[in-house]
Amino acid sequence: MQLRDLTIASIHTALLKKEYSAVELITQVLKHIKEKDTEYGGYLHVMNDDALKCAQEIDVTIAQNDDLPLLGGVPFALKDNILAVNHPATAGSKILKDYIASYDATVTKRLKSAGAVIMGKTNMDEFAMGSSGENSAFFPAKNPHDISRVPGGSSSGSAVAVTLGEAVCALGSETGGSVRQPASFCGLVGLKPTYGAVSRYGLIAMASSLDQIAPFARTTMDAALAFEVISGHDPLDGTSKKDFKFHAKQVNDFSLDSLRELTIGLPKEYFIPGIIKETQKEIDNSIAVLKSLKMKFKEISLPHTEYALSCYYIIMPAEVSSNLARFDGIRYGTRGESALLGEMYQRNRGEGFGKEPKRRVLLGNYVLSAGYYDAYYLQAQKVRSLITTDFINAFRNVDVILTPTTPTQAFKFGEKTKDPVSMYLSDIFTVPVNLAGLPALSFPSRSLCNLEGKLPVGVQLIGKHFDEATLLGVSKWYEKTIVESC
Ligand code: GLN
């Protein structure tokens with residue numbers, strides 16, 4: 001069994017044909033994690049006993065000839081800011097190192113009822129703040145394609161686990177690109193759903209108006225199946241959309257004719273000199289592949305793109321400063337001893353948070369403070385609507401927008417840690433999507449068989465609100481074409 005080649009469908013068939021049992025599969029994945037993970041740092045916590053127990057239950061279902069749900073026995077991983085009852089949820093931070101979740105996030109609950117086996121909690125940048133995994137308070141995860149490079153972030157460990165075959169799919173979280181960017185650096189499919197498509201209940205919040213839970217997979221169909229299970233209305237999240245339900249069948253049924261009816265927009269503001277040569281070449285090749293499938297292309301303009309990053313770095317920290325207030329050692333977080341209350345707050349937060357959360361809490365309080373609120377926060381909200389309007393206008397003429405996911409490939413450890421702004425710039429193409437609440441997907445320009453020792457490059461597709469099916473449909477046909485040329 002090649003763990004890296006497993007898909008949801010192949011596991012389903014093999015389990016039903018009794019080629020292996022769920023216990024055999026999960027035992028092998030656990031062994032693989034034990035052998036590999038110390039080197040790559042994908043997991044912060046592995047759920048050995050619970051995973052095996054769950055596999056045993058799946059085997060009982062199979063033995064009784066009961067219906068095996070499609071996700072039955074499939075190994076999944078969860079980013080460590082998504083709650084799984086009775087297991088740690090550190091959000092990559094020292095302040096939560098002793099926290100044990102007292103309930104399941106809605107996505108966790110849905111995965112469990114679909115029969116998925118949760119293998120563990122994955123490494124991440126502290127409170128999902130970062131683009132490289134280097135802000136994890138514990139240890140950095142490493143890129144399986146080149147161990148001297150970062151896997152991307154902040155969902156670093158989820159990307160590493162899926163790339164190595166330590167899970168078939170994993171959930172991460174997106175606030176400004178934290179699933180698409182690592183998917184791009186690791187050669188995976190990463191789907192950022194429309195804001196409101198997936199419940200945020202049980203996700204440790206970073207910036208609530210931007211956050212969405214998002215799946216990683218090695219194939220488009222697996223990303224679609226994972227999205228099918230986690231999406232849909234949840235009364236426990238007031239921002240969850242009432243009448244939306246995605247079905248993976250929509251992607252299965254997406255025909256070549258439907259593909260040919262689509263027009264893809266290429267926004268001129270995203271094809272800039274800052275993109276490195278290798279990335280530009282891969283994007284050009286991908287456009288050529290889609291043209292060979294007879295897709296139509298059109299140049300478009302998203303005129304407010306240049307303000308997106310500045311706008312994000314005002315709105316996001318403002319929300320961070322409020323969301324992180326609860327980690328004070330009294331309501332949540334590790335508590336130190338101190339005679340005075342003020343000192344205790346200072347100590348708990350001062351020692352518990354790393355540099356990046358502190359930087360953002362300070363920035364957030366500043367932009368929200370009296371006298372600066374109008375100049376920064378309110379202004380940024382106005383810019384946010386201009387950015388959203390740009391997309392709405394563009395979607396009058398095109399069905400999907402194509403851009404590079406990131407301006408560079410995976411960078412080396414330490415390359416951007418000294419200059420936070422250079423790190424922030426790696427999100428320049430992903431952040432506008434979160435501001436506008438749109439769905440977007442990153443797919444690899446090449447399949448593994450054609451990587452020829454190169455680093456992966458991600459192609460980003462941006463869609464209309466709640467039109468994930470079209471993005472996955474385009475990605476499905478692209479993947480089929482490049483896999484066939486292997
Ligand atoms: N890298 C971005 C940041 O640090 C995005 C984070 C995210 O999407 N969680 O804010």
Side-chain angles (χ1 to χ4, degrees), residues 78-82 91-93 122-137 140-141 150-159 170-186 190-193 195 198 200 203-216 308-321 323-324 353-364 367 380 384 405-408 410-411 415-417 419-442 458 460:
L78 296 178
K79 186 175 180 176
D80 208 23
N81 57 356
I82 300 171
S93 180
T122 56
N123 206 349
M124 58 183 284
D125 284 303
E126 187 171 2
F127 284 105
M129 300 173 195
S131 311
S132 67
E134 291 165 292
N135 293 341
S136 163
V150 306
S154 63
S155 312
S156 49
S158 288
L171 299 187
S173 67
E174 268 265 358
T175 305
S178 279
V179 165
R180 284 163 290 155
Q181 189 250 22
S184 164
F185 282 9
C186 291
L191 172 70
K192 184 261 166 204
Y195 187 78
V198 178
R200 293 180 293 111
L203 168 70
I204 298 176
M206 175 180 166
S208 311
S209 79
L210 300 156
D211 296 344
Q212 269 295 284
I213 293 173
F216 285 99
L309 208 57
S310 329
C311 172
Y312 173 79
Y313 274 96
I314 291 174
I315 293 172
M316 173 273 295
E319 295 185 21
V320 160
S321 67
N323 276 327
L324 263 52
F353 287 139
K355 268 204 185 113
E356 195 58 32
K358 281 182 189 161
R359 188 177 289 132
R360 298 194 192 195
V361 168
L362 287 174
L363 202 58
V367 300
R384 183 179 189 172
T405 307
T406 53
T408 70
F411 45 86
E415 212 178 299
K416 297 184 195 279
T417 38
D419 175 9
V421 175
S422 77
M423 186 73 88
Y424 298 170
L425 279 168
S426 53
D427 305 319
I428 192 156
F429 299 148
T430 48
V431 147
V433 162
N434 300 72
L435 289 169
L438 295 165
L441 175 146
S442 180
Q460 172 169 243

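We count ligands from 1, going down the list as the structure has it; atoms in each ligand are counted the same way. Index from 1, following the sequence. Every value quoted in this text rests on a predicted model; they were computed, and no experiment measured them.
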Please identify which atoms of ligand 1 are closer than 4.0 Å to at least one heavy atom of [X].
X: Ala128; result: 6 (C), 7 (C), 9 (N)
X: Gly176; result: 5 (C), 7 (C), 8 (O)
X: Met129; result: 4 (O)
X: Tyr313; result: 3 (C), 4 (O), 10 (O)

[X], any N or O under 3.5 Å of ligand 1 N or O:
X: Lys79; result: no
X: Gly177; result: yes
X: Met206; result: no
X: Tyr312; result: yes

Exercise. Between Phe353 and Phe127, what is the ring plane arrangement, given parallel below 30°, perpendicular above 60°, and tilted in between?
Worked result: perpendicular
Exercise. Would you find a donor on one side and an acceptor on the other, under 3.5 Å apart, between the side chain of Ser136 and the backbone of Gly133?
Worked result: no
Exercise. Taking the side chain from Lys192 and the backbone from Thr175, do they hold a donor-acceptor pair closer than 3.5 Å?
Worked result: no
For this session: State, without any angle test, whether Ser208 and Glu319 hold a side-chain donor-acceptor pair at a distance under 3.5 Å.
Result: no
Problem set entry | Distance-only polar pair, side chains of Thr405 and Ser184, donor-acceptor under 3.5 Å | no
Problem set entry | Residue, atom name and distance, where the atom is the protein heavy atom closest to atom 2 (C) of ligand 1 | Asp427 OD2, 3.1 Å
Exercise. Among all protein non-hydrogen atoms, which one is nearest to atom 7 (C) of ligand 1, and what is the separation to 0.1 Å?
Worked result: Ser178 OG, 2.4 Å
Problem set entry | Arg180, portion touching ligand 1 at heavy-atom distance under 4.0 Å | neither
Exercise. Is it the side chain, the backbone, both or neither of Ser154 that has a heavy atom closer than 4.0 Å to ligand 1?
Worked result: side chain
Problem set entry | Among Gln181, Glu356, Lys79, Glu126, the one residue meeting side chain to side chain donor-acceptor pair (under 3.5 Å) with Ser154 | Lys79
Exercise. Heavy atom of Arg360 under 4.0 Å from ligand 1?
Worked result: yes
For this session: Could you list the residues that satisfy side chain to side chain donor-acceptor pair (under 3.5 Å) with Ser426, not counting sequence neighbours?
Result: none
Exercise. Which residue pairs pass the salt bridge (charged side-chain N to carboxylate O under 4.0 Å, His left out) test when at least one of the two sits in residues 172-182, sequence neighbours left out?
Worked result: Glu174-Arg180
Exercise. Is the shortest heavy-atom distance from the side chain of Val361 to the side chain of Val320 under 4.5 Å?
Worked result: yes
